[in-house]
Number of protein chains: 2
Amino acid sequence: MTYLHEKFSGCLYVAKIDPIRRAEIGREKRARTRAQLVAAANSLFARQAVESVTVDDVVKEAGVAKGTFYVHFDSLEAVTAAVAEELVRSFDELLQPGRGSLTDPALKIAFGCYSFIDKALKDPLWASVVARLAAAAPKGGEIARRRLFEDLQQFSKALPDDGVSAELKLEIVVGIMLQILRALGEGRLSSIDRDAAISAILRAIGLNAQEAKSVLMRLPATPMSDNSSRSATK
Amino acid sequence: MTYLHEKFSGCLYVAKIDPIRRAEIGREKRARTRAQLVAAANSLFARQAVESVTVDDVVKEAGVAKGTFYVHFDSLEAVTAAVAEELVRSFDELLQPGRGSLTDPALKIAFGCYSFIDKALKDPLWASVVARLAAAAPKGGEIARRRLFEDLQQFSKALPDDGVSAELKLEIVVGIMLQILRALGEGRLSSIDRDAAISAILRAIGLNAQEAKSVLMRLPATPMSDNSSRSATK
DNA sequence: TCTCATATTGACGTGAAGGTCGAATTGACA
DNA sequence: TGTCAATTCGACCTTCACGTCAATATGAGA
């Protein structure tokens, strides 16, 4: 019986399921392991410098074997990029609901900055990771940069020329935001006034105190729901 | 003859010069080698990330043997700190002549920022090194930070409260400056308008456009001599 | 229960970087 | 020119992280 079965199945009958189905089966397990690795890297980046993290660190943190790492990623840069991508994606998602309704460029910019700082204040680990990745993997945030730049161009058009190019404004806004992030991550500025920070940014890019205040008041209330308990890993 | 001489000198006569004199003799050679190592590290930091520089890189660049490195420094961090210290010292020196005469805090701040950006524009290698070290060895710039903070406190006192703490202002100014440095080092912003940048900074910390312009006009002309040919290594 | 594609494992080879130390060099002095 | 202390040299050892791969485990379908 066994013999017959083996011969039968081995030569003609079994062996070919559906290759597409096969891939589907693997996908879930595969995706879970990959997510574990990304989460582990994220978690490590919250604790130590990006450059000091090793493959061994990541696999240990993720609880998988070293070989598994290389099934999912070519190198540390690859997993770092994945972490950055996930961070950008998730923040973007967070922004969508509020952002859609805004048309005034100044408001869009203020809203984005406000949400960013708000998130950083509520989730210091997130702040640490973003600050470190911004330095180590600037590639990741490029999309966000581009969007901000477009808003700034629009914004500049609707303003009497103040001699500050949109390119310079971009660097100024990004510089302020990243520095605040770093400061939060390093324990300086344990609690700052979001409004004050946004106001400074708006004034730096050309609004006067009056206008900045007006923009602040027109900001959608509580730009993000305050479920601050979730860790940076999510 | 040889025998007598050896015995004579070896036992009684020679052997003890003056230990203080000895040290003096070595000092010059020693200092030169140390300076070579610091210059080599500086030069490497202008080309590649601080963390990617190895001891072998440094000694190769300096043209000395590995063992020599460890005579002068305990580790890469030590030589990195030395580079940072030298950078701060030399910039400070550059600032002294113009800074002495200034009493208005806004003017002091503007002058410092202007000189900084000016230097960065004239010496992109310097900009790269400072930008990288600011991220990798924040310890080094602490003195500069402290001085800027004091100026900002004075500045804030003489201003109607705008809700922005001096601590936050410090991060804002530093953030803008470092980001401009990074942008220059990475080729974005190949040439920016110094006045525009300073104006943005002044407005961010509470001045209105009018006042910012006034401060800019009161800046000492050509804050630094423009011998821009010297490389970042010096 | 058996089979097979897929995913996972971890021991291992390789090379690069850190750090050491006895030998060699240098140069002021007698 | 010989001596000695200070400096420099570079071969060598050690550690550690990278990346590989043959062996093993998993689990859906027959």
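Atom set for the values below is all heavy atoms of this structure, side chains included, hydrogens, waters and symmetry mates excluded. Letters go in sequence order (proteins before strands), and every chain restarts at 1.
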K.L.:
In the 5'-to-3' direction, what one-character label does each nucleotide of nucleotides 16-22 of chain C receive under the scheme B = base within less than 4.0 Å of a protein heavy atom, S = sugar-phosphate only, - = no such atom?
P.N.:
-SBBBB-
K.L.:
Can you measure B:Arg30 atom CZ to C:dG27 atom P for me and round it to whole angstrom units?
P.N.:
16 Å
K.L.:
Mind calculating the distance between CZ (A:Arg32) and P (D:dT26) to the nearest angstrom?
P.N.:
13 Å
K.L.:
Using the test salt bridge (charged side-chain N to carboxylate O under 4.0 Å, His left out), find all partners of A:Glu142 that sit at least two apart in sequence or belong to another chain.
P.N.:
none
K.L.:
Would you mind reading off the distance between A:Phe73 atom CZ and C:dA7 atom P, rounded to a whole angstrom?
P.N.:
14 Å
K.L.:
I'd like to check the salt bridge (charged side-chain N to carboxylate O under 4.0 Å, His left out) partners of A:Arg34; sequence neighbours left out, ordered by chain and number.
P.N.:
none
K.L.:
In chain order, what residues pass the ring pair (Phe, Tyr, Trp, His ring centres under 6.0 Å) check against B:Phe69, with sequence neighbours excluded?
P.N.:
B:Phe73
K.L.:
Would you say the side chains of B:Thr54 and B:Asp57 form a donor-acceptor pair under 3.5 Å?
P.N.:
yes
K.L.:
What is the separation between atom CZ on A:Phe69 and atom C1' on D:dA17, rounded to the nearest whole Å?
P.N.:
12 Å
K.L.:
Regarding A:Val64, tell me which of base, sugar-phosphate or nothing describes its non-hydrogen contacts under 4.0 Å with the strands shown.
P.N.:
sugar-phosphate
K.L.:
Sequence neighbours excluded, which residues qualify as side chain to side chain contact (heavy atoms under 4.5 Å, CB included) partners of B:Ala120?
P.N.:
B:Trp126, B:Ala127, B:Leu181, B:Leu184
K.L.:
Can you list everything that forms a side chain to side chain contact (heavy atoms under 4.5 Å, CB included) with A:Arg132? Sequence neighbours excluded, please.
P.N.:
A:Val50, A:Ser128
K.L.:
Look at A:His72 and C:dA7 and indicate whether a side-chain polar atom (N or O) is within less than 4.0 Å of OP1 or OP2.
P.N.:
no
